[in-house]
S.K.: 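Right, I'll just put the structure down here and ask away after.
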Amino acid sequence: MKSILTPLGPKADKDTVRRHNLSLVLRAVRDEGESGEATRAGVSARVGLTRAAVSSLVEQLMESGFLTESGKTFSGQAGRPGTALKVARTGPAGLGVEINIDYVSVCVVDLAGTGRVRQTEHLDNRGASAGEVLARAARIAARTLDSAREQELRPVGATLALPGLVSGGSVRQAPNLGWNEVPAEDLFAEALTALRPGNPVLPVASENEANLAALAELWFGGLGDVRSFLYLTGEIGVGGALVLGGELLRGAHGFAGEIGHVVVDPDGPECRCGSRGCLEQYAGQTALLRAAGIDGSGGGAGVVELERRARAGDGRAVAALTEAGRMLGRVVSGAVNLVDPDAVVLGGIYRGLMPWLSPPADEELTGRVVSGLWSPGSGRLRASSVAGDAARGAAALVVQDVLADPVAYAEP
């Protein structure tokens with residue numbers, strides 16, 4: 001039997017080892033800063049390097065603008081107090097750009113993961129060409145970059161969060177936008193570069209918006225020890241993402257998570273994807289508002305009205321949400337049986353609609369999940385945190401690259 005060998009990378013030289021250790025120290029300071037104060041001694045103990053080695057690495061990171069120090073920390077033990085280390089609030093940052101059916105949201109995240117700048121415009125992107133929509137997004141991004149510069153932040157890359165099948169820098173298919181084979185990264189980069197003459201060209205990447213919202217929930221949300229979860233985001237359509245053991249499952253071609261196009265009823269309403277009876281035809285924003293008798297042309301205003309009517313006990317609104325919750329539970333129960341996550345997180349418009357969606361969804365999960373671990377009120381079905389949005393996840397993805405190799409992003 002022929003063995004399958006894993007390709008070996010080049011031998012690590014001194015420079016490669018130092019770059020790796022710089023990343024270790026930077027990430028350790030960032031992580032320690034989330035729960036307290038980081039010191040050279042604490043970082044040394046955490047990463048397994050000598051105090052002298054850590055001090056040398058810290059000095060280089062400070063000179064390059066990645067770390068700052070302030071004050072003294074007192075551990076209560078004998079010895080000299082340590083100097084508190086923090087990731088810099090200026091310098092390298094990430095830019096996230098979420099393009100959805102009825103809005104564009106852009107944000108800048110610093111090395112600590114803090115959202116520092118946010119600009120959102122409610123736009124009806126249906127019917128507009130892909131080039132026009134991406135040019136709109138570039139204009140908002142350019143203004144956001146100007147605001148970031150005022151705070152001495154230097155975004156070193158941009159990630160597009162897109163509602164569709166994303167691969168190789170292009171949107172293979174985004175049914176609700178009407179996009180097919182759109183080179184989104186190139187179109188956005190060209191538009192942004194044209195708006196910022198004389199500035200360095202900003203590298204652009206792209207990812208499915210539900211994937212990025214799930215990563216934001218993982219990194220910034222209130223999941224605690226939960227590292228395996230199914231994330232659903234309700235917008236015009238229904239997006240999904242799966243995180244297992246703290247890692248995003250993208251699938252063989254990057255298309256995993258398209259739960260909105262799981263068929264609930266093969267004889268159901270025709271979907272924009274070309275199939276019939278997809279989940280989003282029952283639980284997407286458009287379907288919900290239509291079932292509740294609410295004009296959906298106002299975008300987010302329609303969802304606000306739906307929630308208002310449901311709180312007032314309006315029968316049609318409550319019935320629409322109950323049916324959507326039942327369909328969500330039916331589809332999600334199949335996914336839970338397949339991948340056994342610790343939790344299912346509902347985001348997007350579902351966050352505010354949980355009081356009506358959760359009971360019927362929980363009932364379906366209780367009756368259909370074979371493990372017996374799911375029951376009403378178990379807490380496994382939960383709303384996303386306010387921190388779990390795709391634009392922030394997109395910007396944080398850039399920051400992850402900086403933390404992985406700070407030398408590559410040091411200012412010339």
S.K.: Would you indicate whether the side-chain heavy atoms of Arg46 and Asp31 approach each other to under 4.5 Å?
M.R.: yes
S.K.: Looking at Glu247, I want to see if its CD is surrounded by more than 12 non-hydrogen atoms of other residues, nucleotides or ligands under 6.0 Å.
M.R.: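 No, the 6.0 Å shell around CD holds no more than 12 heavy atoms from other groups.
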S.K.: Ignoring hydrogens and angles, write down the donor-acceptor pairs under 3.5 Å from the side chains of residues 129-136, residues two or more places apart or on other chains.
M.R.:
unit_1	atom_1	unit_2	atom_2	d
Ser129	OG	Glu132	N	3.1
Glu132	OE2	Arg136	NH2	3.1
Arg136	NH1	Asn125	OD1	2.8

S.K.: Go through Leu288 and Leu353 one step at a time and tell me if the side-chain contact (heavy atoms from CB on, under 4.5 Å) criterion holds.
M.R.: CA-CA 11 Å; Leu288 266 171; Leu353 300 173; 4.2 Å; yes
S.K.: Roughly how far apart are Leu397 CG and Leu212 CG, rounded to 0.5 Å?
M.R.: 6.0 Å
S.K.: Could you walk me through whether Asp146 and Arg143 pass the salt bridge (charged side-chain N to carboxylate O under 4.0 Å, His left out) test, one step at a time?
M.R.: CA-CA 5 Å; Asp146 289 340; Arg143 295 198 301 271; over 6 Å; no
S.K.: To the nearest 0.5 angstrom, please state how far the CD1 atom of Ile140 sits from the OG atom of Ser105.
M.R.: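 That separation rounds to 8.5 Å.
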S.K.: Does the salt bridge (charged side-chain N to carboxylate O under 4.0 Å, His left out) test come out yes or no for Arg272 and Glu280, once each step is laid out?
M.R.: CA-CA 10 Å; Arg272 287 178 179 268; Glu280 73 173 43; over 6 Å; no
S.K.: To check you understand the geometry: which heavy-atom pair defines the closest contact between Ile99 and Pro163, and what is its length?
M.R.: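 For Ile99 versus Pro163, the nearest heavy atoms are O-CD, 2.9 Å.
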S.K.: Which heavy atom of Ala241 sits nearest to which heavy atom of Leu230, and what is that distance?
M.R.: O-CD1, 3.4 Å
S.K.: Could you pull out the closest heavy-atom pair between Arg40 and Ser55, with the gap in Å?
M.R.: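 Closest pair (atom of Arg40, atom of Ser55, distance): CD-OG, 3.5 Å.
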S.K.: With sequence neighbours left out, write down each residue that passes salt bridge (Lys or Arg N to Asp or Glu O under 4.0 Å) with Glu363, or none if nothing qualifies.
M.R.: none
S.K.: Step by step, work out the side-chain contact (heavy atoms from CB on, under 4.5 Å) result for Leu57 and Leu49.
M.R.: CA-CA 10 Å; Leu57 294 164; Leu49 296 171; 3.8 Å; yes
S.K.: Using every non-hydrogen atom in the two residues, find where Gly164 and Glu258 come nearest and quote the distance to one decimal.
M.R.: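 The pair with the smallest heavy-atom distance is O-OE2, 3.9 Å.
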S.K.: Should Asp102 and Asp124 count as side-chain neighbours, where that means a heavy-atom distance under 4.5 Å?
M.R.: no
S.K.: Counting distance only, does the side-chain N/O of Thr68 pair as donor-acceptor with the main-chain N or O of Ala88 below 3.5 Å?
M.R.: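 No; judged by distance alone, with no hydrogens or angles, the pair does not exist.
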S.K.: Nearest 0.5 Å, please: how far is CG in Leu381 from CD in Glu364?
M.R.: 12.0 Å
S.K.: Nearest 0.5 Å, please: how far is CD in Gln173 from SG in Cys273?
M.R.: 7.0 Å
S.K.: Flag the pair Asp295 / Leu289 as yes when at least one side-chain heavy-atom distance between them is below 4.5 Å, and no otherwise.
M.R.: no
S.K.: Has Ser378 got a side-chain atom pairing as donor or acceptor with Trp374's backbone, closer than 3.5 angstrom?
M.R.: no
S.K.: Can you confirm whether Val402 sits close enough to Phe66 that some side-chain heavy atom of one is under 4.5 Å from a side-chain heavy atom of the other?
M.R.: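 SC-SC contact between Val402 and Phe66 confirmed.
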S.K.: Check whether any side-chain heavy atom of Glu98 sits under 4.5 Å from a side-chain heavy atom of Tyr103, and report yes or no.
M.R.: yes
S.K.: Any side chain to side chain donor-acceptor pair (under 3.5 Å) involving residues 401-410? Give me the pairs, sequence neighbours left out, ordered by first then second residue.
M.R.: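 Residue pairs with at least one partner in residues 401-410: Arg19-Asp405.
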S.K.: Could you give me the CA-CA distance, side-chain angles and deciding distance for Glu217 and Arg382, then say whether salt bridge (charged side-chain N to carboxylate O under 4.0 Å, His left out) is met?
M.R.: CA-CA 12 Å; Glu217 190 68 27; Arg382 59 181 72 181; over 6 Å; no
S.K.: Please tell me if the side chains of Ile236 and Arg126 come closer than 4.5 Å, counting only heavy atoms from C-beta onward.
M.R.: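 Ile236 reaches Arg126 side chain to side chain.
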S.K.: Kindly determine whether Glu209 and Leu162 satisfy side-chain contact (heavy atoms from CB on, under 4.5 Å), including the steps that lead there.
M.R.: CA-CA 5 Å; Glu209 53 93 16; Leu162 302 164; 5.9 Å; no
S.K.: Under 3.5 Å, is there a donor on one side chain and an acceptor on the other for Thr286 and Arg290?
M.R.: no
S.K.: Check residues 338-349 and write down every donor-acceptor pair under 3.5 Å in which the side-chain atom is one partner and the other belongs to a residue at least two apart or another chain.
M.R.:
none

S.K.: Measure across Trp219 and Gly393 and return the closest heavy-atom pair with its distance rounded to 0.1 Å.
M.R.: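 Looks like CZ3-O, 4.0 Å.
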S.K.: Spell out, as yes or no, whether a donor-acceptor pair under 3.5 Å connects the side chain of Ser385 to the backbone of Ala387.
M.R.: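 Such a contact is found between Ser385 side chain and Ala387 backbone.
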S.K.: Thr159 side chain to Ala394 main-chain N or O, any donor-acceptor pair under 3.5 Å?
M.R.: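 Flag set: sc Thr159 to bb Ala394 pair under 3.5 Å.
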S.K.: So which heavy atom on Leu202 is nearest to which on Gly157, and how close?
M.R.: CD1-N, 3.7 Å
S.K.: Name the atoms and distances for all side-chain donor-acceptor pairs under 3.5 Å in residues 177-195, with sequence neighbours left out.
M.R.:
unit_1	atom_1	unit_2	atom_2	d
Glu181	OE2	Arg172	NE	3.3
Glu185	OE2	Ser206	N	3.0
Glu185	OE2	Ser206	OG	2.6
Thr193	OG1	Ala189	O	2.8

S.K.: Going through the distances and angles, do Val303 and Gln285 end up as a side-chain contact (heavy atoms from CB on, under 4.5 Å)?
M.R.: CA-CA 8 Å; Val303 177; Gln285 177 178 309; 3.6 Å; yes
S.K.: Short question: side chain of Thr90, backbone of Leu153 - any donor-acceptor pair under 3.5 Å?
M.R.: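 Checking the backbone N and O of Leu153 against the side chain of Thr90, no donor-acceptor pair under 3.5 Å is found.
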S.K.: If I take atom CD from residue Gln151 and atom CZ from residue Arg89, how far apart are they, to the nearest 0.5 angstrom?
M.R.: 7.5 Å
S.K.: Distance-only criterion, 3.5 Å: show the donor-acceptor pairs between side-chain atoms of residues 310-321 and protein atoms not counting sequence neighbours.
M.R.:
unit_1	atom_1	unit_2	atom_2	d
Arg311	NE	Glu307	OE2	3.4
Arg311	NH2	Glu307	OE2	3.0
Asp314	OD2	Arg316	N	3.3
Asp314	OD2	Ala317	N	2.9
Arg316	NE	Ala291	O	3.0

S.K.: When you compare the side chain of Asn337 with that of Val369, does any pair of heavy atoms fall below 4.5 Å?
M.R.: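 In short, these two side chains touch, coming nearer than 4.5 Å.
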S.K.: So Arg118 and Arg392, do their side chains get closer than 4.5 Å, heavy atoms only?
M.R.: yes
S.K.: Can you measure from CG (Leu249) to CG (Asn211) and round to the nearest 0.5 angstrom?
M.R.: 9.0 Å
